[in-house]
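Take a look at the structure set out below.
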Number of protein chains: 2
Amino acid sequence: MSRTDEKTNWLNKTEMAAWISFIETIGDLQYSLDSDLRESCDMTSGDYQVLVYLSESLDRRTRMCDLAARLNLTPSGLTRRLDGLVKEGSVTREVSTKDRRVQLAVLTPQGHRKLVTAAPLHVASVRHRFIDRLTTEQMKHLTAAFTSIREGLSE
Amino acid sequence: MSRTDEKTNWLNKTEMAAWISFIETIGDLQYSLDSDLRESCDMTSGDYQVLVYLSESLDRRTRMCDLAARLNLTPSGLTRRLDGLVKEGSVTREVSTKDRRVQLAVLTPQGHRKLVTAAPLHVASVRHRFIDRLTTEQMKHLTAAFTSIREGLSE
DNA sequence: TCACAATAGTTGCGAACGCAACTAAATTAG
DNA sequence: CTAATTTAGTTGCGTTCGCAACTATTGTGA
């Protein structure tokens with residue numbers, strides 16, 4: 001590829017190092033975290049996220065559209081993800097009494113137990129793969145950096 | 001979720017901030033970069049990675065297994081990804097003369113032109129979404145942090 | 001009030017990709 | 001040299017999820 005193009009602002013060494021270290025790492029990290037959760041709890045990160053969000057919601061239930069927005073899923077993607085959780089008994093669907101268009105996803109006691117079992121294992125995994133590799137200073141730098149990136153994305 | 005469990009080492013405030021800022025950002029960032037590339041060049045990040053790797057390879061060709069390892073794809077995943085690139089004319093398959101088990105993925109002139117067109121646009125996107133949001137110091141901190149994480153993962 | 005628009009969710013279809021099973025070729029053991 | 005093993009790649013099948021089309025319900029403007 002030509003590096004003589006006068007208009008293109010190619011990445012310099014520092015920029016390239018940052019980009020490569022980031023992009024090469026996140027795939028492996030997500031894969032490791034997913035594998036840990038699947039092996040220890042037989043669940044996916046996606047399902048875990050659903051259970052966490054429901055457990056933190058009022059009455060342990062949420063509108064589908066709120067859940068979809070929170071998880072960056074399309075309506076159809078969320079419908080399918082919930083299908084799996086309903087089938088295994090972690091979640092039930094309920095029609096809202098206030099707006100009969102909305103389906104509420106409700107965390108069942110069984111789903112809550114599953115989350116209570118999974119959470120410590122998942123936290124241990126996050127620690128092992130991510131937190132333990134960083135100093136407190138690095139965590140603070142990283143928080144600032146990603147907050148800045150995130151703000152840029154939502155413009 | 002109970003926070004009174006004595007055995008679980010829950011994340012403290014700094015740790016949680018780092019983890020949340022990271023995990024909430026990477027999905028949006030990848031989505032934005034993918035969208036940019038799709039809109040400007042009608043291609044996916046995955047296809048772009050293939051073209052980059054081939055363009056950097058000797059004679060612009062690589063063994064499928066080497067490519068799969070580099071891209072963290074299974075053999076079947078790579079076969080399908082190449083199918084698309086072959087169909088659009090960016091890549092051809094060639095049987096190796098040294099080992100007739102191996103298929104070589106070969107970058108075509110058309111594929112190379114596509115990459116030459118896409119690269120400046122992709123770099124601009126990476127700059128806009130990622131590099132420009134960080135100071136030089138932040139980039140160096142980030143490189144150190146992710147290198148450390150990556151080393152941990154490969155143990 | 002009554003048509004029209006906006007919102008919530010589901011379904012059919014298709015794309016991407018992993019797993020397991022398979023073929024073919026090369027390597028190794030006896 | 002033959003048989004067993006290993007390696008490279010493809011294919012069938014299943015899973016996940018996005019897009020577009022659809023239904024049902026609610027909100028809105030004349």
Side-chain angles (χ1 to χ4, degrees), chain A residues 27-28 30-39 42-51 53-54 57 61-88 90-106, chain B residues 27-28 30-39 42-51 53-54 57 61-88 90-106:
Chain A
D28 293 350
Q30 287 179 308
Y31 178 82
S32 296
L33 293 166
D34 258 28
S35 298
D36 288 347
L37 201 50
R38 193 176 298 276
E39 283 166 24
D42 190 32
M43 76 194 299
T44 65
S45 296
D47 287 350
Y48 182 81
Q49 288 178 330
V50 171
L51 299 190
Y53 187 64
L54 289 179
S57 300
R61 66 197 63 207
T62 326
R63 295 151 44 103
M64 291 287 279
C65 54
D66 295 338
L67 196 49
R70 185 66 177 71
L71 304 180
N72 286 323
L73 280 181
T74 60
S76 71
L78 181 59
T79 293
R80 269 65 173 262
R81 187 176 291 178
L82 242 76
D83 287 345
L85 288 164
V86 167
K87 191 181 295 181
E88 71 169 39
S90 294
V91 173
T92 54
R93 284 185 231 255
E94 237 177 57
V95 177
S96 166
T97 54
K98 310 198 170 182
D99 185 339
R100 283 183 304 172
R101 289 172 301 183
V102 325
Q103 295 277 334
L104 300 171
V106 185
Chain B
D28 293 350
Q30 287 180 307
Y31 178 81
S32 297
L33 293 166
D34 258 27
S35 299
D36 289 346
L37 201 50
R38 192 176 299 275
E39 284 165 25
D42 190 33
M43 78 195 294
T44 65
S45 297
D47 287 350
Y48 182 81
Q49 288 179 330
V50 172
L51 300 189
Y53 188 64
L54 289 180
S57 299
R61 67 198 61 209
T62 327
R63 295 151 45 102
M64 292 287 280
C65 56
D66 294 339
L67 196 50
R70 185 66 178 69
L71 304 179
N72 284 325
L73 281 180
T74 60
S76 73
L78 180 58
T79 292
R80 268 68 172 260
R81 186 177 290 180
L82 242 76
D83 286 345
L85 288 164
V86 168
K87 191 182 296 178
E88 73 170 38
S90 295
V91 174
T92 54
R93 283 185 231 255
E94 237 177 58
V95 177
S96 166
T97 53
K98 310 198 170 181
D99 184 338
R100 284 183 304 173
R101 287 172 304 182
V102 324
Q103 295 277 335
L104 299 171
V106 184

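Note that the structure is predicted; figures quoted are calculated from it, not measured. Throughout, protein chains are lettered first and strands after them, A, B, ... in sequence-line order, and every chain is numbered starting at 1.
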A:L67 side, atom CG; A:T62 side, atom OG1 - distance, nearest 0.5 Å: 5.5 Å

SB check B:R93 B:D83 (cutoff 4.0 Å): yes

Sugar-phosphate only, base, or nothing, as touched by B:L73 at under 4.0 Å among non-hydrogen atoms: sugar-phosphate

Out of D:dG9, D:dT25, C:dA25, whichever nucleotide has its closest atom nearest the side chain of B:T79: D:dG9

5′-ward residue of the pair A:R93/B:N72 relative to DNA chain C: A:R93

Earlier contact from the 5' end, DNA chain D, for A:S76 and B:T62: B:T62

Residue B:P75, side-chain heavy atoms: nucleotide from C:dA8, D:dT11, D:dG9 that is nearest: D:dG9

Nearest-nucleotide 5' precedence on DNA chain D, B:C65 against A:T97: B:C65

Nearest-neighbour nucleotide for the B:Q103 side chain, D:dG9, C:dG9, C:dT11 considered: D:dG9

Any donor-acceptor pair under 3.5 Å from B:R70 side chain to B:Y53 backbone: no

Passing candidate, side chain to side chain contact (heavy atoms under 4.5 Å, CB included) with B:Q103, options B:L78, B:T79, B:V95: B:V95

Any donor-acceptor N/O pair under 3.5 Å between D:dT16 base and A:R80 side chain: no

Under-3.5 Å donor-acceptor pair between A:T74 side chain and D:dC19 base: no

